[in-house]
Amino acid sequence: MVQSRYNPRERESHWQKIWNDKDLFLAREDAKGEKYYVLEMFPYPSGRIHMGHVRNYTMGDVVARYKRARGFNVLHPMGWDAFGMPAENAAIERGVHPAKWTYANIDAMRTQLKALGLSLDWSRELATCDPEYYAQEQKLFLDFLEAGIVSRHSANVNWDPVDHTVLANEQVIDGKGWRSGAEVEQRELTQWFFKISVMAEELLQALDGLERWPEKVRTMQRNWIGKSEGLQFKLDLVDDEGASAGELEVFSTRHDTIFGMTFCAVSMDHPLTAEAAKTNQALGKYIEECRRSGTTEEALEKAEKTGHVLDVRVAHPFIDGKTVPVLTANFVLMGYGTGAIFGCPGHDQRDFDFCKALGLDIIPVVAPDDLKGVELVSYIEDYSDRPEIYDGEGTLINSEFLDGMTIIEAKQEIAKRFEAMDKGERQVNYRLRDWGISRQRYWGCPIPVIHCGACGIVPVRAADLPVKLPEDVSFDKPGNPLDRHPTWKNTTCPTCGKDATRETDTFDTFVDSSWYFARFCSPRADVPAVREAVDAWLPVDQYIGGIEHAILHLLYSRFFTRAMKETGHAGLSEPFDGLFTQGMVNHETYKLEDGAWVVPADVKIEGEGDARRAVHVTTCAPVTIGSIEKMSKSKHNTVDPEDIIGHYGADTIRWFMLSDSPPERDVQWTEAGVAGAWRFVQRLWRLMGKASSWIAPAKSEMPGELSEPALELRGVSHRRIQRVSEAIESLKFNVAVAQVHEFTRVIETVVGNPKYEDDAGIKWAAREACEIVIQMFGSMMPHLGEECWSMLDHDQLLAETPWPQADPALLVEDTVTIAVQVNGKRRDELTVARNASKEDIEAAALKLDNVLRAIEGRDVKKVIVVPQRIVNVVA
RNA sequence: GCGGACGUGGUGGAACUGGUAGACACACGGGACUUAAAAUCCCGAGGGAGUAACCUCCCGUGCGGGUUCGACUCCCGCCGUCCGCACCA
């Protein structure tokens, strides 16, 4: 009996088993073909996959399958970013051990991913919480330590009071912890750091070479590294009496405006402030006040610029006898430059605001070049009343020996003079800080060092690695369980043998994800990375993931790859040749009257357009339809991929994810859209069922002479190969989908058409078309592809079949339809032979009724003919 | 404030290098099949005007200019939306 419907539930697992049994997707270094490494950002094992994963991994899988069909030797692995706080939270809330929780989640998610039919090399699967993985991470760390890439020092760190741990600067967003959302506090702790800042220039420069990265991500990284070139120099401090009182070192990128200096300001954390606060109670109070208003987003945004005058003054370096006040100011940051600035209110907006508020002098020292005479005089006179400062190009004024110079010249002159006095030097500053990697958590990779009273910090011996996490830990008290684990924490010093303690901090989990792409090359090796394997596979040719990792993960990975190069573990600097950041999956939100969010599965929608109404399925209560937002647990607007796969199958969800929206933009999940994808799956299946008995038999020869429609169909097919290939190459999956739709429509009009019943040529061309369309959608809907492929009597699997070659002779059409314009407006069209001469086209165009009418008897001045494109008659 | 991206029908979007704007899909309307429904198939559609009809004309890619035989595409100036960064001296 012929089934009237394709049953994905049964067929998808059938094909998955066959792929698996044949080990089709295992990557081997000795395999034929140029290597191609496609990687999607590995997931955190939260327990269930979400739609974002489906979108991400589907895209990667299309690329992997396409490249494989194109003859590339493809590496397409999957792993788990498995350390991190949710596991500990589960332990605290539910008493389940983080390891048990994590591995159970991994098992569940692996099953879900497998149901998607992804062409992954599961033999390379890794989990960062596996001692096999983190042992190698510890080795890397010890190598980095030896190479001087690691440091340990006391530092003011960002402390997350909720998660009880330190955060890297990159993990503080608007003054709050990136996970907990808690207000971050400053604490002084001794920490381990990766010296990423010494690579700032290199990391910045190399961004220019990352041509297959989105400009947006490169810009974000540039801003994050935050290079600024300026002059760091010392100014003389004087006391009330005019006697020397030491020096104040400042950093400026606008040292050309030194004659506009009317004050100096220091941070409240600056030594000068601390010194003065000892005797100055009012200052102490002021500092306290500033700290209280804090570093929150709102506070910073609204904060008035305030300052508190100190007892010392600064002597102007080039104007004898002139001194300016020194203030502690709330807008000066200790963490940047020297924590002290010279203020030039004339050409710095902050300084300008500050001076207006405090009534300090404002001296303009740069004037736009186009100002002359009276204009220039009034520019200077009215300067203080301007709403905004002038910070454009110009010529120096009011600046003695700098007068008349350009800004660049003045900067050079000032730098030269300070250098000659031995009081300053040109300096490049970066915003990028060293990466603090110590975390006071249990569920992370232990930092493999031992603290010995006699020997100090002693690295764990290679033979003693890995430093495994102890399993018998309790989460009944806040803080790090490792810190109170007596048998694990207490050990002996590898050097002197005396009693010693282990480092109880673990790595930031971003360390784990900074090299996993390298580990995939040799996932079971007992060294971090086998050089031959790394050299063979890296860089990742196409990396796909969310924009949320534009800075953190991608910058750290770039750093890590360089560090691995320095320590001989890799031969390259940039890990990701091509980067693609995909958009999010959005959905409408639903709310009950009491404000509670409702999941889409519990909402029934009636009506359409403005008349759309929603009701709660179980209670029939009215539901308000809210805005379209990113699917998130907090808004309850999530759709579980497993439900969709169970209902429609993996191919449908994959197809929908690739349709319509360009992959870099957000996609809106809609039930109607999925249903549409489902209908298309069925349509293709029916078409192939019909075709299997109608088209020419498999492996039959092409009949000698093809009829016109047969040739035409072949043309359509072969042009489609080209267009779909181009679309997939450039990751425009939505365009590829549209091409398949269009192509399918064409095939449908041919297959089974009684008109062609006796045309052996078209039956042959129809077979070719059917095979091509299967191959075109096969990377996107691989199960359906195999199903249809086998329906057409193929013994070989589609997954093993090479991508079809487009016949160049068929790519060009014999006749082309071109538009005919009169004065740039389209009036008619013309179908001519492809190779028709300009003269013939012109003559034909000038005979068209619509053209003659449009000309209305005027003289034809000019006729522009672009063969195969357009004719424009200028009258 | 700085930086980036974007703005096209009811909706998502397509348009090669400046050459027929709206492919393809969703939603919609009409029809066929059916006792009926589902499923499926066919047809229609940017807006407006004229015509019995074939068709024809006008307007149209956020707004205003410009370059060009020709502009969604390039240039200048605005407006708007989204994202990122932000007292970084």
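All chains are named by letter (A, B, ...) in the order of the sequence lines, taking the proteins before the strands, and each is independently numbered beginning at 1.
- B/rC16 is unpaired under the Watson-Crick or G-U wobble criterion, no partner having all donor-acceptor distances under 3.5 Å.
- For the pair A/Ser228 and B/rA89, the criterion of a side-chain N or O lying under 4.0 Å from OP1 or OP2 is met.
- A/Pro662 comes within contact range of the sugar-phosphate backbone alone, with a heavy-atom separation under 4.0 Å but no base atom that close.
- Using a 4.0 Å heavy-atom criterion, one finds that A/Val866 contacts the bases of the nucleic acid, with or without backbone contacts as well.
- The side chain of A/Arg853 lies closest to B/rU56 when the candidates are B/rA89, B/rA23, B/rU56.
- Considering only side-chain atoms of A/Val735, the nucleotide from B/rC69, B/rG12, B/rA14 that sits closest is B/rA14.
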Residue pair A/Glu748, A/Lys690: steps toward the side-chain contact (heavy atoms from CB on, under 4.5 Å) verdict = CA-CA 10 Å; A/Glu748 278 171 340; A/Lys690 201 153 121 191; over 6 Å; no

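- Taking atom C1' in both B/rA45 and B/rC28, one finds a spacing of 9 Å when rounded to whole Å.
- In summary, the side chains of A/Asn734 and A/Asp660 do not present any donor paired with an acceptor at a separation below 3.5 Å, with no hydrogens or angles considered.
- Residue A/Asn223 has its side chain nearest to B/rG3 when only B/rU20, B/rG3, B/rC24 are considered.
- No more than 12 heavy atoms of other residues, nucleotides or ligands shown are found within 6.0 angstrom of CD on A/Glu425.
- Residue A/Glu215 is classed as having no contact, given no heavy-atom separation below 4.0 Å to the nucleic acid.
- The separation between A/Trp678 atom CH2 and B/rA38 atom P is 18 Å, rounded to whole Å.
- Under the Watson-Crick or G-U wobble criterion, with both distances below 3.5 Å, B/rA37 has no partner in any strand shown.
- At B/rC26, one or more side-chain N or O atoms of A/Arg679 fall inside 4.0 Å of OP1 or OP2 (strictly under the cut-off).
- The partner of B/rG22 cannot be assigned: no Watson-Crick or G-U wobble pair with both contacts below 3.5 Å exists in any strand.
- A sub-4.0 Å separation between OP1 or OP2 of B/rC42 and a side-chain N or O of A/Arg745 is present.
- Across B/rG60 and B/rC72, the matching C1' atoms stand 11 Å from one another, rounded to whole Å.
- Under 3.5 Å, the side chain of A/Asn872 and the base of B/rC69 form at least one donor-acceptor pair of N or O atoms.
- Between the C1' atom of B/rA25 and the CZ atom of A/Phe656 lies a distance of 10 Å, rounded to the nearest Å.
- The closest side-chain donor-acceptor pair between A/Tyr336 and A/Ser228 falls under 3.5 angstrom.
- Mapping A/Gln682 and A/Ala672 onto RNA chain B by nearest heavy atom places A/Ala672 closer to the 5' end of the strand.
- Between A/Arg869 and B/rC16 there is no side-chain N or O to OP1 or OP2 distance below 4.0 Å.
- Distance, A/Tyr336 OH to B/rC87 C1': 13 Å, rounded to whole Å.
- Among the atoms of the strands shown, only primed sugar atoms or phosphate atoms (P, OP1, OP2) are found under 4.0 Å from some heavy atom of A/Arg686.
- Annotated as anti: B/rG48, whose O4'-C1'-N torsion sits more than 90° from 0.
- Considering only side-chain atoms of A/Val332, the nucleotide from B/rG19, B/rA89, B/rA15 that sits closest is B/rA89.
- Per the geometry, NZ belonging to A/Lys825 stands 12 Å off P belonging to B/rA21, to the nearest Å.
- Nearest heavy-atom pair across A/Ala769 and A/Phe743 is O-CZ, 3.6 Å.
- B/rA5 is paired with B/rU81 under the criterion used here, namely a Watson-Crick or G-U wobble arrangement in which both key atom distances are under 3.5 Å.
- Comparing B/rA53 with B/rA15, their P atoms sit 37 Å apart, to the nearest whole Å.
- Summarising the local packing, CG of A/Asp208 is surrounded by more than 12 heavy atoms from other residues, nucleotides or ligands at distances under 6.0 Å.
- In this model, the phosphate group of B/rC58 is approached by a side-chain N or O of A/Arg827 to a distance below 4.0 Å at OP1 or OP2.
- Look at the P atom in both B/rC63 and B/rA71: the space between them is 15 Å, to the nearest Å.
- Rounded to a whole Å, the CD atom of A/Glu229 is 15 Å from the C1' atom of B/rA89.
- A/Asp351 comes within contact range of no nucleotide atom at all, as no heavy-atom separation falls under 4.0 Å.
- Looking at heavy-atom distances under 4.0 Å, A/Ser659 makes no contact with the nucleic acid at all.
- Listed nucleotides B/rA14, B/rA89, B/rC85 differ in distance to A/Leu333; the shortest reach to its side chain belongs to B/rA89.
- Close to B/rC88, at under 4.0 Å from its OP1 or OP2, lies a side-chain N or O of A/Arg350.
- Taking the C1' atoms as reference points, B/rG44 lies 22 Å from B/rC59, given to the whole Å.
- Checking B/rG4, B/rC69, B/rA89 against every side-chain atom of A/Lys216, the shortest atom distance belongs to B/rG4.
- Atom pair A/Glu588:CD and B/rU11:P shows a separation of 15 Å (rounding to whole Å applied).
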Go through the steps to decide whether A/Leu811 and A/Gln722 satisfy the test side-chain contact (heavy atoms from CB on, under 4.5 Å), and finish with yes or no.
-> CA-CA 8 Å; A/Leu811 294 180; A/Gln722 196 188 29; 3.7 Å; yes

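- When distances are taken from the side chain of A/Asp660 to each of B/rG13, B/rG4, B/rA25, the shortest belongs to B/rA25.
- Residue A/Arg431 places its side chain closer to B/rA86 than to any other of B/rC41, B/rA86, B/rG19.
- In a base pair of the Watson-Crick type (N1 to N3 plus N6-O4 or O6-N4) or a G-U wobble (N1-O2 and O6-N3), with each distance short of 3.5 Å, B/rG46 is matched with B/rC59.
- Atom pair A/His741:NE2 and B/rA14:C1' shows a separation of 13 Å (rounding to whole Å applied).
- Scanning all heavy atoms of the two residues, the minimum distance from A/Pro663 to A/Leu731 falls at CG-O, 2.9 Å.
- Straight-line distance from the CD atom of A/Glu671 to the P atom of B/rG12: 19 Å, rounded to whole Å.
- At the phosphate of B/rG13, OP1 or OP2 sits under 4.0 Å from a side-chain N or O atom of A/Arg665.
- Using atom C1' as the reference point in both B/rG46 and B/rA36, the two lie 37 Å apart (nearest Å).
- B/rG47 and B/rA23 have their P atoms separated by 13 Å, given to the nearest Å.
- Between B/rG3 and B/rC78, the two P atoms lie 14 Å apart (nearest whole Å).
- Mapped onto RNA chain B by nearest heavy atom, A/Phe342 and A/Val737 fall at different nucleotides, with A/Val737 at the one closer to the 5' end.
- A/Asn734 has a side-chain polar atom (N or O) that falls below the 4.0 Å cut-off from OP1 or OP2 of B/rA14.
- A distance of 6.5 Å separates CG in A/Leu231 from CZ in A/Phe418, rounded to the nearest 0.5 Å.
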